[in-house]
Amino acid sequence: MAKTPLVLSLTSFFLLFVSSSMAADPDMLQDVCVADLTAIKVNGFACKSNFTADDFFFGGLANPGSTNNTYGSLVTGANVEKVPGLNTLGVSMSRIDYAPGGLNPPHTHPRATEIIFVLEGILDVGFITTANVLVSKTITKGEVFVFPRGLVHFQKNNQKVPAAVISGFNSQLPGTQSLALTLFTSAVPDNVLTKTFQIGTKEVEKIRSKLAPKKS
């Protein structure tokens, strides 16, 4: 039986609604809703009754971050936790700095698509589809690359000079799950990791020790 125009219209509206609601954070319902970071969170932040221009400002991306760490990279986020004025706006940014040879290791952003703009240097970047296909490219200063929402991706500086990018997200708080850190520094049982990676308990312990946060 052929569908009536009304059914087709309702179907189109439903598909449009689902696709738009799945694409990013929900649309805002007022001019601003500056996050009250001290209030109880209910899938987001409550709005403050009073705000200033400083709630919409963050200067933390102006200068390179320290890359003296295990991976030789540092992500400096400018999300709703740093810029309360981003609450309900559905966008955020980060700066990523890479030492020579530095790596932003395989990770995902469960709530956002990411686009990066290369400030300096040359990077090898890529993401892996759910069909286990690697999509990769070498990008340089002034170029952009997109990582689809939720897919595992990485950036590697294979050059002998530092590199840096600015990244944008269609979420006020995209979230990050680094695969290695998530698996080996959480409470995942050793027998799960040994079977998953086909390695022994000693290897698991060795990886855990290398990835464990350094004590100050």
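Just so you know, residue 1 is the first one in the sequence shown, and it goes up from there.
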Donor-acceptor side-chain pairing of [X] and [Y] below 3.5 angstrom:
{"X": "Gln172", "Y": "Asn87", "result": "yes"}
{"X": "Gln177", "Y": "His107", "result": "no"}
{"X": "Asp25", "Y": "Ser171", "result": "yes"}
{"X": "Asn68", "Y": "Ser66", "result": "no"}

Query - Lys137 bridged to Asp124 by N-O distance under 4.0 Å - result: no
For [X] versus [Y], what's the shortest heavy-atom pair and its separation?
{"X": "Leu61", "Y": "Met93", "value": "CD1-CB, 4.3 Å"}
{"X": "Ala35", "Y": "Phe45", "value": "CB-CB, 3.6 Å"}
{"X": "Lys82", "Y": "Ala78", "value": "CB-CA, 4.3 Å"}
{"X": "Ile96", "Y": "Ser167", "value": "CD1-OG, 4.4 Å"}
{"X": "Phe58", "Y": "Gly77", "value": "CE2-O, 3.6 Å"}
{"X": "Ser186", "Y": "Thr182", "value": "OG-O, 2.5 Å"}

Note, [X] side chain near [Y] side chain (heavy atom, < 4.5 Å):
{"X": "Pro162", "Y": "Thr67", "result": "no"}
{"X": "Ser73", "Y": "Leu103", "result": "no"}
{"X": "Thr138", "Y": "Ile122", "result": "yes"}
{"X": "Asp97", "Y": "Arg95", "result": "yes"}
{"X": "Leu151", "Y": "Thr108", "result": "no"}
{"X": "Val146", "Y": "Glu114", "result": "no"}

Report task. Using the ring-ring contact (aromatic ring centres under 6.0 Å, His included) rule, pick out the option among Phe147, Phe145, Phe127 that qualifies with His153. Result -> Phe147
More than 12 non-hydrogen atoms from neighbouring residues, nucleotides or ligands closer than 6.0 Å to [atom1] on [X], yes or no?
{"X": "Phe51", "atom1": "CZ", "value": "no"}
{"X": "Leu134", "atom1": "CG", "value": "yes"}
{"X": "Phe56", "atom1": "CZ", "value": "yes"}

Verify the cluster assignment for [X] and [Y]: are they in a single hydrophobic cluster under the rule of side-chain heavy atoms below 4.5 Å apart?
{"X": "Tyr98", "Y": "Ile115", "value": "no"}
{"X": "Val144", "Y": "Leu119", "value": "yes"}
{"X": "Phe169", "Y": "Val91", "value": "no"}
{"X": "Leu86", "Y": "Phe57", "value": "no"}
{"X": "Ile128", "Y": "Leu181", "value": "no"}

Query raised in the report: Under the criterion side chain to side chain contact (heavy atoms under 4.5 Å, CB included), which of Glu143, Gln155, Lys156 is the partner of Val125?
Result: Gln155
Query raised in the report: Given the rule in the side-chain contact (heavy atoms from CB on, under 4.5 Å) test, do Ile139 and Ile116 qualify, once you have shown the distances and angles that lead to the verdict?
Result: CA-CA 10 Å; Ile139 57 176; Ile116 61 172; 3.7 Å; yes
Strictly distance-based, threshold 3.5 Å: is any side-chain N or O of [X] a donor or acceptor partner for the main-chain N or O of [Y]?
{"X": "Ser209", "Y": "Lys206", "result": "yes"}
{"X": "Ser92", "Y": "Asn79", "result": "no"}
{"X": "Asp36", "Y": "Cys47", "result": "no"}

Report task. Might you work through the side-chain contact (heavy atoms from CB on, under 4.5 Å) test for Val75 and Asn104, ending with a clear yes or no? Result -> CA-CA 8 Å; Val75 179; Asn104 189 13; 4.2 Å; yes
Report task. Would you check, one step at a time, whether the test side-chain contact (heavy atoms from CB on, under 4.5 Å) holds for Leu74 with Thr76? Result -> CA-CA 6 Å; Leu74 183 72; Thr76 304; 4.1 Å; yes
Quick one: side chains of residues 188-202, donor-acceptor pairs under 3.5 Å with protein atoms, not counting sequence neighbours, listed by atom name and distance.
unit_1	atom_1	unit_2	atom_2	d
Asp190	OD1	Arg208	NE	3.3
Asp190	OD1	Arg208	NH2	2.9
Thr194	OG1	Asp190	O	3.2
Thr194	OG1	Asn191	O	3.1
Thr196	OG1	Val192	O	2.6
Gln198	NE2	Lys195	O	2.6

Query - Asp55 vs Val83, side-chain contact (heavy atoms from CB on, under 4.5 Å): CA-CA, chis, key distance, verdict - result: CA-CA 6 Å; Asp55 289 310; Val83 189; over 6 Å; no
